[in-house]
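Working notes, beginning with the structure itself.
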Amino acid sequence: MKNLPVYIIAMALALYIMVMFTEPAYFAIFLGLVAVCIFELLAAVYLRQSIRLSLKGPETLIHNGDMVPVTLHIRNQGFFPANHLRVHVKYSNRLDGPAASQWVCTYADGKCDAFVTFHVESAYCGVLHVEVDRFKAGSFLRLWGFAKKCNQTMDVPVFPELFPVDFEISAKIRDFIGESDTYSKEKSGDDPSEVFDIRSFRPGDRLQRIHWKLTARQDEWMVKEFSRPVGYPVVVFFNFSKQSQMPSMLEAMSKVITAGLSVSAGLARAKCWHYIAWCRQDMTIERHAIESEEDVYACMGRLLYAHAHLPIADARHFYGQTWGFESFCTFLSVNTDLTIEKDGEIYEQKGLDRDTLSGKNFIL
């Protein structure tokens, strides 16, 4: 409708000339202008009903800071070309933060499909929610244009760029025995539910461990060694507590995810089995076992859908109330105030970025 005011003025001028001079030519001109206006109106209504839109995300992994390419698929089912098509796109990060929007101007020939790629930006990791809110199809002379709700949505995962964090694991953690269905292949233990090895009798062995059937068969005292369950001595807790002093909760949560997953990957490289956990919006805890770096990347996608929650004063106590304090021996909390706590004490100076955490050897 950009040109409609000018066109109305032209019609009014033609009507004035027709009345003043009463010439048949002026009457024909006025009728022609009216006919064009009506045709433009019908064409705009027709185009509005003929356009269908959908979204297609990028085929490659996107990391925070990258420009995200989004492809808009336009299907024009009508005979008229849509020469003046404006699409309103909104996008926001599901972690937190305000929504942004932009207009995409394009066109589509009649009875064909058109594809146009535009870019949106995500400075932080998370899930980028992209929505085609509405579109506006203008007529040929842009006299009329009618908006239509579309509500086509798409989620694009934006992954964090992990950085190396090095750990030195103490004997206290390596010798930790916890409840687990996995048993050590290197050390024996005292769990009678699983046999680690069978060997010859040695002085000091208890009679309860004698394997009587094998002893009778081999005519030699044979003893069972029980297995040692492998526990998860470390918990890495992603504390998404709302912080009133933080100017951007989205930035804080993005840093917690990046730093926490980097810490988890560092523990996995040090062959330290552990749990990662975080609090859902309903204040229940989600927990996953990490035994390798592949497990870290497998859980990454779930973390991108995390939510900020009510502040937790003592994350270690909060976790222990659900899973038990005896289920771990070291608790690392990565907080939205940009600190890392170890068993309730500040473990690292404020800062969760690469410069702060990389290049050091943390001892657990």
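Below, each value reflects all heavy atoms present in this structure, side chains not excepted, and no hydrogens, waters or symmetry copies.
Between atom OH of residue Tyr232 and atom SG of residue Cys272 there is a gap of 11.0 Å, rounded to the nearest 0.5 Å. Rounding to the nearest 0.5 Å gives a distance of 10.5 Å between CG of Leu141 and CG of Asn83. Put simply, CD on Glu286 and CG on Leu303 are 8.0 Å apart, with the number rounded to the nearest 0.5 Å. Note: Ile17 CD1 to Phe30 CZ = 11.5 Å, rounded to the nearest 0.5 Å. With values rounded to the nearest 0.5 angstrom, Met300 atom CE is found 4.5 Å from Leu162 atom CG. The OG1 atom of Thr106 sits 6.5 Å away from atom CG of Leu85, with the distance rounded to the nearest 0.5 Å.
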When you look at Tyr297 and Phe159, which way does the side chain to side chain contact (heavy atoms under 4.5 Å, CB included) test go after all the steps?
-> CA-CA 10 Å; Tyr297 289 98; Phe159 295 96; over 6 Å; no
Worked verdict on Tyr124 versus Leu95 for side chain to side chain contact (heavy atoms under 4.5 Å, CB included) | CA-CA 9 Å; Tyr124 307 107; Leu95 287 180; 5.9 Å; no
Given Cys299 and Ile290, is the side chain to side chain contact (heavy atoms under 4.5 Å, CB included) satisfied, shown in steps?
-> CA-CA 9 Å; Cys299 294; Ile290 304 297; 4.0 Å; yes
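Annotation: His317 is in aromatic contact with Phe325 [ring centroid separation under 6.0 Å]. In this structure, Phe140 has its ring center under 6.0 Å from that of Phe80. When ring centroids are compared, Trp278 and His288 come within the 6.0 Å threshold. Between Phe328 and Tyr275, a ring centre-to-centre spacing not shorter than 6.0 Å is recorded.
The environment of CZ in Phe318 is crowded: more than 12 heavy-atom neighbours from other residues, nucleotides or ligands sit within 6.0 Å. Enclosure of atom CZ in Arg75 is not indicated, since only 12 or fewer non-hydrogen atoms of other residues, nucleotides or ligands lie within 6.0 angstrom. Atom NZ of Lys172 has 12 or fewer heavy atoms from other residues, nucleotides or ligands within 6.0 Å. Counting non-hydrogen atoms of other residues, nucleotides and ligands closer than 6.0 Å to CE of Met283 gives a total above 12. Other residues, nucleotides and ligands place more than 12 heavy atoms under 6.0 Å from the CZ atom of Phe118.
For the pair Val120/Gln102, a side-chain contact is recorded, criterion being any heavy-atom separation below 4.5 Å from C-beta on. For the pair Leu55 and Val130, the minimum side-chain heavy-atom distance is below 4.5 Å. Looking only at side-chain heavy atoms (C-beta outward), Phe237 and Ile312 come within less than 4.5 Å of each other. In this structure, Pro164 and Arg269 have side chains that are in contact, with non-hydrogen atoms separated by less than 4.5 Å. Residues Thr258 and Phe163 have side chains in contact (heavy-atom distance under 4.5 Å, counting atoms from C-beta outward). Residues Cys150 and Arg134 fail the side-chain proximity criterion, which asks for heavy atoms closer than 4.5 Å. Between Arg316 and Ser333 the shortest side-chain heavy-atom distance does not fall below 4.5 Å. Side-chain contact check for Leu261 versus Phe238: some heavy-atom pair is nearer than 4.5 Å.
A cation-pi arrangement is absent between Lys148 and Phe135, since the terminal nitrogen or guanidinium carbon is not both under 6.0 Å from the aromatic centre and inside a 45° cone about the axis.
At distances below 3.5 Å, not a single donor-acceptor pair connects side-chain atoms of Lys242 with backbone N or O atoms of Leu310. The main-chain N or O of Cys37 is found under 3.5 Å from a side-chain atom of Trp144 such that the two form a donor-acceptor pair. Thr330 places no side-chain N or O within donor-acceptor distance of the main-chain N or O of Val234, the cut-off being under 3.5 Å. Put simply, the side chain of Ser170 gets close to the backbone of Leu364: a donor and an acceptor are under 3.5 Å apart. The closest donor-acceptor contact from the side chain of Asn335 to the backbone of Asp337 lies at 3.5 Å or more, if one exists at all. Looking at Tyr26, its side chain never comes within 3.5 Å of a backbone N or O of Met20 through a donor-acceptor pair. Put simply, the side chain of Tyr347 never gets that close to the backbone of Val334: no donor and acceptor are under 3.5 Å apart. When atom types are taken as modelled, the side chain of Asn64 and the backbone of Ser122 share no donor-acceptor pair closer than 3.5 angstrom.
Scanning all heavy atoms of the two residues, the minimum distance from Ala82 to Ile51 falls at CB-CD1, 4.0 Å. Looking at every heavy atom in both residues, Met253 comes nearest to His307 through CE-C, 3.7 Å. Residues Pro69 and Ile62 share a closest heavy-atom pair of CD-CD1, 4.1 Å. Minimum interatomic distance between Gly351 and Leu357 (heavy atoms only, all atoms of both residues): O-CD2, 4.3 Å. Closest of all the heavy-atom pairs between Glu293 and Ala265 is CG-O, 4.0 Å.
Among residues at least two apart or in separate chains, salt bridge (charged side-chain N to carboxylate O under 4.0 Å, His left out) pairs with a member in residues 91-100 are Arg94-Asp155.
For the pair Lys255 and Asp353, the salt-bridge criterion is not met [side-chain N within less than 4.0 Å of a carboxylate O].
Classification of the Tyr319-Phe331 ring pair by plane angle, with boundaries at 30° and 60°, yields tilted.
Both Val116 and Tyr91 are part of a single hydrophobic cluster, where members link through side-chain heavy atoms under 4.5 Å apart. Transitive grouping of hydrophobic side chains (ILVMFWY, heavy atoms separated by less than 4.5 Å) keeps Met67 and Val89 in distinct clusters. Both Leu338 and Phe362 are assigned to one and the same hydrophobic cluster, defined by single-linkage of ILVMFWY side chains at heavy-atom distances under 4.5 Å. Each of Val263 and Ile363 belongs to its own hydrophobic cluster when Ile, Leu, Val, Met, Phe, Trp and Tyr are linked at side-chain heavy-atom distances under 4.5 angstrom. Both Leu4 and Leu41 are part of a single hydrophobic cluster, where members link through side-chain heavy atoms under 4.5 Å apart.
In summary, the side chains of Arg354 and Ser358 do not present any donor paired with an acceptor at a separation below 3.5 Å, with no hydrogens or angles considered. Counting only N and O atoms by type, the side chains of His129 and Thr153 include no donor and acceptor under 3.5 Å apart.
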